[in-house]
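Read the structure below first, then the notes.
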Amino acid sequence: MTFDDYVKDENSEKNFSGLQNFLDEEVFFNIPNAANFESANLQEAGLDGRLEISTATVDQGKMTLFFTTNTNDKLIRPFGGIPFRDALSMTTRFDDADGLLLHSSVNSWIIIPKEAIGDMLPSTLRSRTYRG
């Protein structure tokens with residue numbers, strides 16, 4: 001089963017532990033102000049870097065928004081990509097994020113509340129600091 005297939009699966013929403021199999025998979029994100037990329041507040045991603053990404057507001061709150069495939073029609077060029085594990089870790093460091101929304105290629109998604117993310121990540125990733 002691919003990462004995208006897992007997110008499309010109706011039953012996967014209830015099983016966050018299954019997402020641990022995909023921590024090394026790349027996820028993709030829209031870059032705010034991409035139309036004016038030269039002036040967007042974007043720097044190299046990393047332990048001390050700054051990375052701006054789009055968010056989605058749902059009933060559960062404000063979510064960082066990531067896509068499972070780089071062919072998703074909701075991605076706007078230019079877009080970025082990072083390992084899923086880093087997307088999860090980064091989300092826990094954004095004070096105004098309530099969780100992560102992982103969007104599949106067919107308009108289905110999984111919402112991962114911030115409090116569930118800690119259990120999904122190895123302890124070495126929980127100590128990374130991202131400034132949002």
Side-chain angles (χ1 to χ4, degrees):
M1 177 178 281
T2 68
F3 191 26
D4 191 56
D5 289 337
Y6 187 87
V7 175
K8 288 188 251 185
D9 183 0
E10 292 178 12
N11 297 318
S12 63
E13 187 172 352
K14 299 175 182 148
N15 185 8
F16 296 133
S17 64
L19 287 168
Q20 290 176 315
N21 297 323
F22 304 103
L23 290 177
D24 293 326
E25 295 289 325
E26 188 171 19
V27 293
F28 305 91
F29 58 93
N30 284 320
I31 301 169
N33 303 314
N36 191 8
F37 187 69
E38 297 266 333
S39 65
N41 190 7
L42 178 72
Q43 299 175 12
E44 182 179 349
L47 294 179
D48 297 321
R50 179 180 175 86
L51 182 61
E52 288 191 358
I53 62 164
S54 294
T55 59
T57 302
V58 295
D59 290 343
Q60 293 87 341
K62 186 175 180 181
M63 305 289 156
T64 57
L65 177 60
F66 292 92
F67 300 89
T68 57
T69 66
N70 63 2
T71 58
N72 192 303
D73 61 358
K74 293 186 179 4
L75 277 171
I76 302 166
R77 294 191 183 278
F79 57 83
I82 59 174
F84 181 46
R85 69 176 62 245
D86 289 342
L88 289 165
S89 181
M90 181 190 321
T91 298
T92 65
R93 303 297 178 233
F94 287 139
D95 292 336
D96 60 343
D98 298 305
L100 183 146
L101 190 149
L102 189 57
H103 196 284
S104 80
S105 62
V106 294
N107 207 26
S108 60
W109 58 85
I110 292 175
I111 292 173
I112 307 166
K114 190 183 272 188
E115 51 277 358
I117 292 174
D119 294 335
M120 295 172 61
L121 292 174
S123 60
T124 55
L125 288 179
R126 293 183 207 155
S127 63
R128 289 187 176 182
T129 301
Y130 291 92
R131 293 187 305 271

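Values below: all heavy atoms of this structure, side chains included; hydrogens, waters and symmetry mates excluded.
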Practice problem: Using side-chain hydrogen bond (donor to acceptor under 3.5 Å, both in side chains) as the criterion, list what pairs up with D95, not counting sequence neighbours. | Solution: none
Quiz item: Once the angle between the rings of F3 and F22 is folded into 0 to 90°, is it parallel (under 30°), tilted (30 to 60°) or perpendicular (over 60°)?
Solution: parallel
Quiz item: Which heavy atom of D119 sits nearest a heavy atom of Q20, and at what distance?
Solution: O-NE2, 3.3 Å
Quiz item: Looking only at heavy atoms, which two atoms of N70 and L75 are closest? And how far apart?
Solution: CA-CD1, 3.7 Å
Practice problem: Indicate the atoms forming the closest heavy-atom contact of L19 with F84, along with that distance. | Solution: O-CE2, 3.9 Å
Practice problem: Would you check, one step at a time, whether the test side chain to side chain contact (heavy atoms under 4.5 Å, CB included) holds for I82 with M90? | Solution: CA-CA 10 Å; I82 59 174; M90 181 190 321; 3.5 Å; yes
Quiz item: Rounded to the nearest 0.5 Å, how far does CG of D98 lie from CD of E115?
Solution: 8.5 Å
Exercise. Let me know which of T91, T64, L65, T57 forms a side-chain contact (heavy atoms from CB on, under 4.5 Å) with L101.
Key: L65
Self-check item: Results of side-chain hydrogen bond (donor to acceptor under 3.5 Å, both in side chains) for S105 - residues two or more places apart only
Solution: D4
Quiz item: Which atom pair, heavy atoms only, marks the closest approach of S104 to K8?
Solution: OG-CG, 3.5 Å
Exercise. Please work out which of the three classes, parallel, tilted or perpendicular, describes the rings of F28 and F79, given edges at 30° and 60°.
Key: perpendicular
Self-check item: Check: K62 side chain, T55 main-chain N or O, donor-acceptor pair, under 3.5 Å
Solution: no
Self-check item: Backbone N/O of F94 and side chain of K114: donor-acceptor pair under 3.5 Å
Solution: yes
Quiz item: Which heavy atom of L100 sits nearest a heavy atom of M63, and at what distance?
Solution: N-SD, 3.6 Å
Self-check item: Minimum heavy-atom distance between L121 and R85, given as atom pair plus value
Solution: CD2-O, 3.8 Å
Quiz prompt | Candidate pair Y6 and T68, rule side chain to side chain contact (heavy atoms under 4.5 Å, CB included), full reasoning | solution = CA-CA 10 Å; Y6 187 87; T68 57; over 6 Å; no
